[in-house]
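A short write-up of the structure that comes next.
Below, each value reflects all heavy atoms present in this structure, side chains not excepted, and no hydrogens, waters or symmetry copies. Each chain gets a letter, A, B and so on, in the order the sequences are listed, and its residues count up from 1.
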Amino acid sequence: MSNFSIEEQLKEATVQAVKDLFGAEASTEQIIVNDTRKEFEGDLTVVVFPFVKFARRSPQQTGDAIGAYLEEKFDFITGFNTIKGFLNLSIAYSHWLQIFNAICKEENYGQHPSTGKKVVLEYCGPNTNKPLHLGHIRNMLLGYATANILSAAGDEVHKVNIYNDRGTAICKSMLGWQKYADGATPESTGMKGDHFVGKWYVRYATEFGKEYKAWQETAEGQKVFEDWKQDEKAVKKTLKEIEAAKKKAKKEGKEIKAEDYTLQNYFFKKVYEQTYMNTYSKLGAETSEMLRKWEANDPEVRKLWKMNNDWVYEGLQETFDKLGVDFEKDYMESDNYLQGKKVVLKGLEEGLFYQKEDGSVWVDLEDMKLDQKLLLRKDGTSVYITQDLAVAENRYADYQMDDSIYVVGDAQAYHFQVLKGVLQKMGKPYADGIHHLGYGMVFLPSGKMKSREGDTVDADDLIAQMVEMARELTEEQGKVETLSKEEMEELYRILGLGALKYFILRIGAKKSFVFNPKDSIDFQGDTGTYIQYNYARSQAILRKYNSDDYKQAFSFDNGIEDLEKELIMLQYKYPSVILEAATNYDPSIVTVYAYNLAKTFSKFWSAHSILGNSDEKVTAFRVALTANNARIIKSALNLLGIEVPNRM
RNA sequence: GGCUCCAUAGCUCAACUGGAUAGAGCGUCUGACUUCGGAUCAGAAGGUUGAGGGUUCGAGUCCUUCUGGGGUCACCA
């Protein structure tokens with residue numbers, strides 16, 4: 001790629017100019033090269049302010065001096081002008097053509113040579129007690145696209161998944177099934193496995209709610225509340241919270257039911273639920289009992305557990321396939337949670353951690369501006385972070401990676417800081433390469449998604465809905481009657497998923513956004529569909545041209561059109577766009593690029609005739625431009641996990 | 001309260017990591033050749049970049065003080 005990097009050539013030329021003209025040593029890093037703004041003459045612009053002090057002249061004079069020098073010494077520069085300290089340089093169109101000819105010859109244009117860097121990228125991270133929702137979709141699209149982009153930038157990338165396949169939540173879904181399902185299975189009900197299990201998880205929550213509500217009326221429940229009311233400080237704090245919650249609900253335009261905000265109801269709902277679950281609840285006791293049995297390897301419970309999880313895996317795999325994401329390896333929390341304990345004890349032995357009198361193990365991360373963190377409970381069992389330490393270690397044994405990327409919601413930013421901190425303290429070779437790729441939450445118009453209450457956008461539903469919308473729109477417009485039924489179905493899938501993926505990936509990862517299922521996603525304007533449409537039209541041109549004559553090296557005596565040059569400049573940027581997206585772990589850079597490419601091509605399409613030229617060479621050239629553009633659009637969209645249709 | 005992320009046109013998002021007059025799409029309004037695909041193209045209107053201060057040739061971008069919002073600060077995962 002670097003052999004035709006025009007920016008580098010220009011930077012080196014400028015360094016030489018500054019040296020010869022002003023006797024000053026500049027480095028290429030100091031030199032800023034931008035695209036020239038459309039309203040000025042020129043292609044590339046050098047910012048001259050950095051050299052003004054060497055030159056001891058005005059920006060205008062400095063720019064003119066450098067410009068004159070460059071124009072004289074370098075053939076590829078054909079003209080210049082200096083405006084307000086910006087040196088605009090015109091690049092010979094023949095030079096752009098050379099670049100274009102070189103791009104056309106490259107097989108995997110955009111793919112960078114190997115960096116030798118190994119990267120493990122973890123994404124998705126489902127629980128085995130419920131199906132995936134919109135948040136997971138954002139996660140998977142980000143993770144999958146980032147992995148592709150890193151590969152294109154030359155890294156060796158391993159995509160892995162981590163299943164949270166044990167613990168209280170999974171016991172709840174198991175218990176829900178055991179108590180209420182009456183032996184039903186996904187097969188017997190025709191339900192997708194993950195939805196089936198999720199159903200019993202929700203059922204558990206409902207039954208627990210009933211039990212809890214009933215208990216609140218009992219003398220025991222009332223006494224708990226009355227006792228708590230004696231604690232003035234706690235009551236005061238809670239009253240404040242209630243006011244805040246009310247205000248918030250009002251702001252979000254939610255209906256306010258007075259009974260939700262009485263002190264008693266709020267106390268039971270928000271303050272006391274966990275305690276009730278652990279002390280009085282029958283269902284809660286059964287859950288803990290099941291968890292204990294699971295940890296003790298009770299055969300019955302393990303069998304139930306395996307059945308529960310296998311149902312979920314099967315269901316999830318279907319969703320992964322539909323979305324087009326994949327994993328090289330699955331890590332299971334259940335395989336790692338015990339090992340984490342050993343890791344911690346070893347660190348304790350080495351004096352990296354300390355033990356409190358009750359036997360719990362802690363790490364002091366205050367020198368990293370983090371807190372004291374618990375690593376092992378007083379009963380010796382592990383917490384969330386303990387198992388992540390083990391997973392990290394196992395992963396290193398598997399891959400010896402330089403970088404580990406965790407695609408996990410922003411809510412866990414603190415957790416990953418701590419994880420990295422602990423691993424650094426332990427002197428692990430992979431610690432510094434840990435990077436948390438966080439992303440903002442997806443909200444519904446009604447607020448946060450709550451899976452326990454079934455208030456979510458289900459991943460499978462959403463995908464189906466998008467495909468359906470693509471169908472309706474296509475039929476409405478009476479398009480592509482020439483396709484067979486299967487081809488049509490395939491097209492709807494490509495269009496629906498393309499719109500969904502583009503819509504989500506074009507938003508910077510850090511931003512939270514509100515997803516409105518009602519007016520959902522556009523198929524017009526800055527959308528995946530627009531770019532796909534662009535590709536389909538290009539294919540139509542190629543079909544019509546129906547020849548390989550465009551595969552040749554071009555040169556013209558009379559120059560080329562501005563839009564043609566603009567397209568070449570954009571196409572030429574593709575590799576550096578990939579690199580930028582990779583260093584920032586940011587797929588949205590690729591979406592923006594793909595859109596610009598499509599937009600510029602659309603302009604070109606309407607401004608010039610591609611096939612109908614008297615000069616066959618011009619036609620061949622424009623077809624070559626079209627083919628190249630289509631190739632890059634396809635490649636860029638594929639990086640994002642978006643497919644392209646040949647007709648639509 | 002500590003830490004952290006976010007705030008740009010009515011709405012959804014950009015802005016090449018400090019560069020020129022802040023750009024797109026949606027929505028609104030106006031237009032597009034009997035010729036390559038109108039899911040398109042051309043144009044109009046729409047902005048004190050949440051507020052103030054600072055750093056410098058230059059700030060949406062960096063520093064700082066506020067304001068508003070999200071997240072987090074569990075022997076939950």
At under 4.0 Å between heavy atoms, how does the protein contact nucleotides 1-10 of chain B? Give one character per nucleotide, 5' to 3', with B, S or -. ----SSSB--
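For A:I541, counting side-chain heavy atoms from C-beta on, the closest listed nucleotide (B:U40, B:C36, B:A39) is B:C36. When distances run from any side-chain atom of A:E580 to the nucleotides B:A39, B:A77, B:C16, the shortest one goes to B:C16. Which of B:A39, B:A20, B:C41 sits closest to the side chain of A:K603 comes down to B:C41. Considering only side-chain atoms of A:Y530, the nucleotide from B:C73, B:U40, B:G37 that sits closest is B:U40. Side-chain proximity of A:W605 to B:A39, B:G71, B:C36: nearest is B:C36. Set against B:G25, B:C16, B:U40, the side chain of A:K599 has B:G25 as its closest nucleotide. The side chain of A:W362 approaches B:C75 more closely than any other nucleotide in the set B:U17, B:C75, B:C36. In this structure, the nucleotide among B:A77, B:G37, B:A39 sitting nearest to the side chain of A:T474 is B:A39. When the nucleotides B:C73, B:A77, B:G19 are ranked by their closest atom to the side chain of A:Q387, B:A77 comes out on top. For A:Y384, the listed nucleotide lying nearest its side chain is B:A77; candidates were B:A77, B:C75, B:A20.
One C1' atom belongs to B:U8, the other to B:G69, and the distance between them is 16 Å to the nearest Å. With both ends at atom P, the span from B:A20 to B:A24 equals 15 Å, rounded to whole Å.
The side chain of A:R506 places no N or O atom within less than 4.0 Å of a non-bridging phosphate oxygen (OP1 or OP2) of B:G25. A:Y492 has no side-chain polar atom (N or O) that falls below the 4.0 Å cut-off from OP1 or OP2 of B:A39. Of the side-chain N and O atoms in A:R377, one or more sit less than 4.0 angstrom from OP1 or OP2 of B:A77. Taking 4.0 angstrom as the limit, A:R37 places none of its side-chain polar atoms (N or O) nearer than this to OP1 or OP2 of B:G19. Taking side-chain N and O atoms only, A:K84 has a distance below 4.0 Å to OP1 or OP2 of B:U21.
The side-chain ring of A:Y533 is not stacked on the base of B:G37, judged by centre separation under 5.5 angstrom and plane angle under 30 degrees.
Within 3.5 Å, a donor on the side chain of A:N88 pairs with an acceptor on the base of B:A20, or the reverse. You won't find any donor-acceptor pair under 3.5 Å spanning the side chain of A:S606 and the base of B:A42, going by distance alone. Between the side chain of A:D358 and the base of B:C75, a donor-acceptor pair under 3.5 Å is found. For B:A39, the base has no donor-acceptor partner in the side chain of A:T527 [N/O atoms by modelled type, under 3.5 angstrom].
Within 4.0 Å of A:L376, counting heavy atoms only, lies no atom of the nucleic acid at all. Heavy atoms of A:Y545 sit nowhere under 4.0 angstrom from any nucleic acid atom. Here A:A169 lies out of heavy-atom contact (under 4.0 Å) with every strand. When heavy atoms are screened at a 4.0 angstrom cut-off, A:E333 is found touching the sugar-phosphate backbone but no base atom. Among the atoms of the strands shown, base atoms are found under 4.0 Å from some heavy atom of A:H608. At a threshold of 4.0 angstrom between heavy atoms, the contacts of A:N278 with the nucleic acid are absent. Residue-level contact check: A:Q524 touches the backbone only, with heavy atoms under 4.0 Å from sugar-phosphate atoms and none from bases. At a threshold of 4.0 angstrom between heavy atoms, the contacts of A:T45 include nucleobase atoms, whether or not backbone atoms are also involved.
Salt-bridge formation is not detected for the pair A:E295/A:R292: no Lys NZ or Arg NE/NH1/NH2 atom is positioned less than 4.0 Å from an Asp or Glu carboxylate oxygen.
Mapping A:N164 and A:G525 onto RNA chain B via the closest heavy atom, the residue that lands nearer the 5' end is A:G525.
Looking at A:F208 and A:E273, their side chains come closer than 4.5 Å, going by heavy atoms from C-beta outward.
Side chains of A:Y550 and A:T626: no donor on one and acceptor on the other come within 3.5 Å. Between the side chains of A:T128 and A:D165, not a single donor N or O lies within less than 3.5 Å of an accepting N or O.
As the counterpart of B:C11, B:G25 is assigned, both hydrogen-bonding distances of the Watson-Crick or G-U wobble pattern falling under 3.5 Å.
Here the C1' atom of nucleotide B:A15 and the NZ atom of A:K573 are 12 Å apart, to the nearest Å.
The shortest heavy-atom contact between A:N161 and A:G125 is OD1-N, 3.0 Å.
B:U8 adopts an anti glycosidic conformation, its chi angle falling more than 90° from 0.
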